[in-house]
2 protein chains.
Amino acid sequence: MDPAELGHLAYYERLVLKIKEQIVRGVLQPGDKLPSVRDMARSEQLNPNTVAKAYKQLELDGVMEVQPGRGSFIAQRPRKMSQTEKVELKNRFDALVVTATAQGVDEATLKTWLAAHFEG
Amino acid sequence: MDPAELGHLAYYERLVLKIKEQIVRGVLQPGDKLPSVRDMARSEQLNPNTVAKAYKQLELDGVMEVQPGRGSFIAQRPRKMSQTEKVELKNRFDALVVTATAQGVDEATLKTWLAAHFEG
DNA sequence: TACGTGTACTATACTAGTTAGTACACTTGG
DNA sequence: CCAAGTGTACTAACTAGTATAGTACACGTA
């Protein structure tokens with residue numbers, strides 16, 4: 001999955017997704033240090049504020065630990081989601097499944113899409 | 001799934017989702033006539049323009065057939081998605097799975113969420 | 001001919017997102 | 001200690017999307 005294709009997402013959301021993908025794939029490991037807000041802004045061609053917003057979102061999501069003056073690091077373990085967060089995530093998931101189904105995507109295809117994330 | 005809980009969606013998007021859900025659940029059948037833009041606006045407490053935008057989106061998605069002067073009807077069959085549309089839908093699906101996984105939702109839970117749409 | 005239908009258009013208002021620039025408090029290394 | 005690097009906070013301006021209001025038009029039907 002290439003976040004660059006996700007043209008409908010805001011820049012900071014694309015960066016959040018990109019980092020989360022690297023975490024899921026193991027490219028980024030717990031404790032790893034991320035580039036500073038300014039370095040990431042330079043390499044990603046973004047405004048430092050936009051990167052800061054992405055980092056803040058990642059911290060809010062519990063996958064990154066931010067230490068002012070030291071840097072930003074991948075969390076040892078993703079913070080346990082609250083019930084509200086879990087419900088919200090399920091709502092988004094359900095909405096997407098309904099949309100796909102209404103437009104003719106069948107059950108087998110969706111199961112394939114899902115399973116692809118857990119192979120290897 | 002109750003679209004009323006999806007506070008992050010725009011009004012017209014919530015209406016689109018609500019109608020798609022009724023299609024998937026069989027509450028709305030192919031050929032069924034939907035309320036006019038003005039009636040729907042009254043019953044849903046929305047501006048007619050907002051409803052019109054939802055109807056236009058539904059027609060664009062191929063699940064509704066609009067006949068100016070006659071009314072709006074559920075399509076006999078969802079229009080076959082273009083390759084671009086399918087890729088876009090898969091991208092959104094993948095992004096959501098990555099987000100969920102990064103925040104600690106495991107494979108079994110996601111499979112349960114998906115399967116729930118195809119029971120009964 | 002009336003009426004209801006979807007549609008188009010203008011105008012206004014509000015919100016979110018992005019960029020730019022500046023400044024501050026904190027931690028680290030020389 | 002001090003300079004450099006860190007995340008953060010703040011204002012300002014611009015863009016895009018959303019929602020509302022009102023008006024008008026073209027079409028199909030009874």
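Just so it is clear: chains get the letters A, B, ... in the order the sequence lines come, proteins before strands, and each one is counted from 1. Atom set for the values below is all heavy atoms of this structure, side chains included, hydrogens, waters and symmetry mates excluded.
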Between D:dT20 (P) and B:Leu15 (CG): distance, integer Å:
12 Å
Here the gap from B:Glu44 atom CD to B:Thr50 atom OG1, rounded to the nearest 0.5 Å, amounts to 11.5 Å
Whole-Å distance between D:dG7 C1' and A:Phe73 CZ?
11 Å
Salt bridge or not between A:Glu85 and A:Arg79? Use side-chain N to carboxylate O under 4.0 Å.
yes
Could you state the atom-to-atom distance from CG of A:Leu58 to P of D:dT8 in whole Å?
11 Å
Below 4.0 angstrom from OP1 or OP2 of C:dT5, is there any side-chain N or O of B:Ser36?
yes
May I ask you to verify if any side-chain N or O of A:Thr50 is less than 4.0 angstrom from the OP1 or OP2 atom of C:dG17?
no
If I take atom CZ in residue B:Arg42 and atom C1' in nucleotide C:dT5, what distance separates them, rounded to the nearest angstrom?
13 Å
Go through it in stages, so that I can follow the logic: the residues are A:Leu110 and B:Phe93, the test is side-chain contact (heavy atoms from CB on, under 4.5 Å), and I'd like the CA-CA distance, side-chain angles, deciding distance and then a yes or no.
CA-CA 9 Å; A:Leu110 289 172; B:Phe93 186 88; 4.2 Å; yes
Base versus backbone protein contacts along nucleotides 24-30 of chain D [heavy-atom cut-off under 4.0 Å; B, S, -]:
B--BSS-
Which nucleotide in the list C:dG6, D:dT20, C:dA8 gets nearest to the side chain of B:Asn47?
D:dT20
Looking at D:dT6, I'd like to know if its phosphate oxygens (OP1 or OP2) sit under 4.0 Å from a side-chain N or O belonging to A:Ser72.
no
Could you check whether any side-chain heavy atom of B:Tyr55 comes within less than 4.5 Å of a side-chain heavy atom of B:Ile19, counting everything from C-beta outward?
yes
Give me the atom names and distance for the closest heavy-atom approach of A:Ala102 to B:Val63.
O-CG1, 3.4 Å
A:Thr112 side chain vs A:Ala108 backbone, donor-acceptor pair below 3.5 Å
yes
What protein N or O atoms touch nucleotides 11-18 of chain D N or O atoms at under 3.5 angstrom, if any, and at what distances?
from: D:dT18; atom 1: OP1; to: B:Tyr12; atom 2: OH; distance (Å): 3.3
from: D:dT18; atom 1: OP2; to: B:Lys53; atom 2: NZ; distance (Å): 3.1

Does A:Lys111 NZ have over 12 foreign heavy atoms under 6.0 Å away?
no
Around A:Phe73, counting heavy atoms of other residues, nucleotides and ligands shown, do more than 12 lie under 6.0 Å from its CZ?
yes
A:Glu65 CD - D:dG7 C1' separation (whole Å)
15 Å
Contact nearer the 5' end of DNA chain C, comparing A:Leu46 with A:Gln67:
A:Leu46
Interatomic distance where CD belongs to A:Gln45 and C1' belongs to C:dT19 [whole Å]
14 Å
Using atom NZ of A:Lys56 as one end and atom P of D:dT8 as the other, report the distance to the nearest whole Å.
8 Å
Of D:dG7, D:dA21, C:dT7, the nucleotide closest to the side chain of A:Tyr55 is D:dG7
So, do A:Phe118 and B:Thr101 sit near enough that their side-chain heavy atoms are less than 4.5 Å apart?
yes
